[in-house]
Asks: 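The following block contains the structure, expressed as structure tokens.
Just so we're on the same page: letters track the sequence lines, and every chain starts at 1.
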Protein chains: 2
Amino acid sequence: MRVGILGYGNVGKGVELACHKDKNVELVGIFTKRDKEKIKTQKNSKVYSVDELDSFKNEIDVLIICGGSATELPILTKKYAKDFNVVDSFDTHKEIINHFYNVDSVARENKHTALISCGWDPGLFSMIRLLGKSIFLDSEIYTFWGKGVSQGHSDAVRRIDGVIDARQYTIPKDEAIELVKSGKGKNLTVRDKHLRVCYVVIDEKADKNKIESEIKNMPNYFVEYDTEVYFITKEEMEKNHKELAHGGKVIVNGKTGVSLEHNHLMEYNLTLDSNPEFTASCLVAFSKAIYKMNKRNDYGCKTVFDINLFDISDMTKDELLKNFL
Amino acid sequence: MRVGILGYGNVGKGVELACHKDKNVELVGIFTKRDKEKIKTQKNSKVYSVDELDSFKNEIDVLIICGGSATELPILTKKYAKDFNVVDSFDTHKEIINHFYNVDSVARENKHTALISCGWDPGLFSMIRLLGKSIFLDSEIYTFWGKGVSQGHSDAVRRIDGVIDARQYTIPKDEAIELVKSGKGKNLTVRDKHLRVCYVVIDEKADKNKIESEIKNMPNYFVEYDTEVYFITKEEMEKNHKELAHGGKVIVNGKTGVSLEHNHLMEYNLTLDSNPEFTASCLVAFSKAIYKMNKRNDYGCKTVFDINLFDISDMTKDELLKNFL
């Protein structure tokens, strides 16, 4: 499979590493909107300007688009589905359905196959939630995130006047996890489930109390949570908060039995040293399925719910039946 | 979806309950080789003799076959794939590939769709193992089972001369799980990973020492493990060992990074009050996929690796994109 990478941020870098490792994948090139001469890759990959993508229409089997969900992916994935099979990790949950139909029509018209919202959430976590929901007619399903940096919440803090830099950690509360596991999670509020901790670098003239209050009362982002705010220096931020670790868990409580007397607990945990590299590895694995589906004339936009697991593997059917079932 | 159940043991009973609960499933009947008059169902389901199945060819969309993997399923699933879409939970791992091709040829010839080896292992655990293997090129994958009764090992003890009844619990060792989670599981032996505990009822004239030694040294089943043997009375067996609880976990350790410096831990745990009822719930959910695949003219034998998750759900695509991704 010949892969192109569009965008060379943290996820793009992870895709480069995953392609480089994989003897069944050829990395054709990294395409950037920045000055290609200034990009130093990790594995001596070829770098092109995004304007050169046109001439690679027949050289790339899947284009993996690594951009932000807020503004980039809604435009890019749809645009490039015209000339390529495309894969992205669009993660604004409430916009997925619009993004899906936008990409679907372009992909279908041009006989391409696209995969959106691939990664761990949306992605693997979605698969576990749907498995749980489908197996148990009576079930409660919970998702916890963290400990890890939430990009959206960090950005929201950065937009406050007087804030120079900010990092927001989402931390699941152990007591809530225990309640959920024991089937007593029903009345938990969002405040009960996660703690939000902000590390903030501010302009020396800014008013700490005002900023702290503005963060803690921010609607949608913080007001419904317990939030802790710590003011730190630029140096501390650089030294202590470069971490890309993340993780989370999906917990499904299901019931069966003549009078629903049997409890079942399904739990899926991820503990990731590098959030972008894990997401990147998911993107490459699922790209294999998209390439195979396209060869089977299965066009249009797909999600992880459309994928069968034979397709993400390079092993033969017989190897998988013998060793993985 | 109209479902038939062939075989009314513990799993068959679980399928009856799962069908009864599900407003999208109609249970046509339970088919038994026993005297149908003597079967008392849990939810007033209709019971027929297995000989009557012939006349239901056009009344049943999926026949769920609930039998033992040792002797029944290899014959039954293949046989009934001629007239029905069939689903089973065949779990003799090393025989799966033979069973697959046996069922595949009959199903294909008769334009039916079959699913074998559905449940949690093989089944959900297989899916997690393959996800882990495909996402990480560098990974170690471990499966732990228990605490729960192993049917195969219990049967093996029962075959010993002088043994009247036996129950074998497989118990994962906590120290091994911790080593595996911390990435230090590579040198673990089978003995390190699981403990086997047997509760045995013997004939009063039998030689305890001889039987204990025979169990502990039994090749394939016990000799490679630490095994504990307890002799109990028939009454104790009935009172304390009717439990159907089981569970287990799949742990995947993966590495990414320029020099594989990032560790990732993926963990999937099941804790089940009723092993057969959980397996039954999987069978019903995945039957929905088999029925849909058959309607799409996708014939032959399938495994969980062929299934996409849209197909196991009754929700519409839009509902799933909105609420489960």
Asks: I'd like to know which of B:Asp306, B:Ile312, B:Thr256 tops the heavy-atom pair count under 4.5 Å against chain A.
Replies: B:Asp306
Asks: Just so I know, are the side chains of A:Leu265 and B:Asn269 near enough to count as touching, which here means a heavy-atom distance under 4.5 Å?
Replies: no
Asks: Please round to the nearest 0.5 Å and tell me the distance separating atom CG of B:Asp273 and atom NE2 of A:His264.
Replies: 6.0 Å
Asks: Which pair of heavy atoms, one from A:Lys21 and one from B:Leu260, lies closest together, and at what distance?
Replies: CE-CD2, 4.0 Å
Asks: Can you tell which part of B:Ser274 gets under 4.5 Å to a heavy atom of chain A, answering side chain, backbone, both or neither?
Replies: both
Asks: For chain A, which of B:Thr143, B:Asp121, B:Leu124 has the most heavy-atom pairs under 4.5 Å?
Replies: B:Leu124
Asks: Kindly give the heavy-atom pair with the smallest separation between A:Phe310 and B:Leu130, and that separation in Å.
Replies: N-CD2, 4.5 Å
Asks: Select, from B:Val304, B:Asp138, B:Val284, the one with the greatest count of heavy-atom pairs under 4.5 Å involving chain A.
Replies: B:Asp138
Asks: Just give me the residue among B:Ile307, B:Asp318, B:Ile96 that pairs up with chain A most often, heavy atom to heavy atom, under 4.5 Å.
Replies: B:Asp318
Asks: Kindly give the heavy-atom pair with the smallest separation between A:Leu17 and B:Val258, and that separation in Å.
Replies: CD1-N, 3.6 Å
Asks: For the interface with chain A, which of B:Ser117, B:Gly14, B:Pro122, B:Gly257 has the highest count of heavy-atom pairs at distances below 4.5 Å?
Replies: B:Gly257
Asks: What I'd like to find out is whether the side chain of B:Ile141 reaches to under 4.5 Å of the side chain of A:Phe324, using heavy atoms alone.
Replies: yes
Asks: Between A:Lys133, A:His20, A:Gln42, A:Lys249, which shows the greatest number of heavy-atom pairs under 4.5 Å with chain B?
Replies: A:Lys133
Asks: Can you check whether B:Asp314 reaches A:Leu137 side chain to side chain, under 4.5 Å on heavy atoms?
Replies: no
Asks: Looking only at heavy atoms and a cut-off of under 4.5 Å, which of B:Lys13, B:Glu16, B:Met266, B:Lys322 has the most pairs with chain A?
Replies: B:Met266
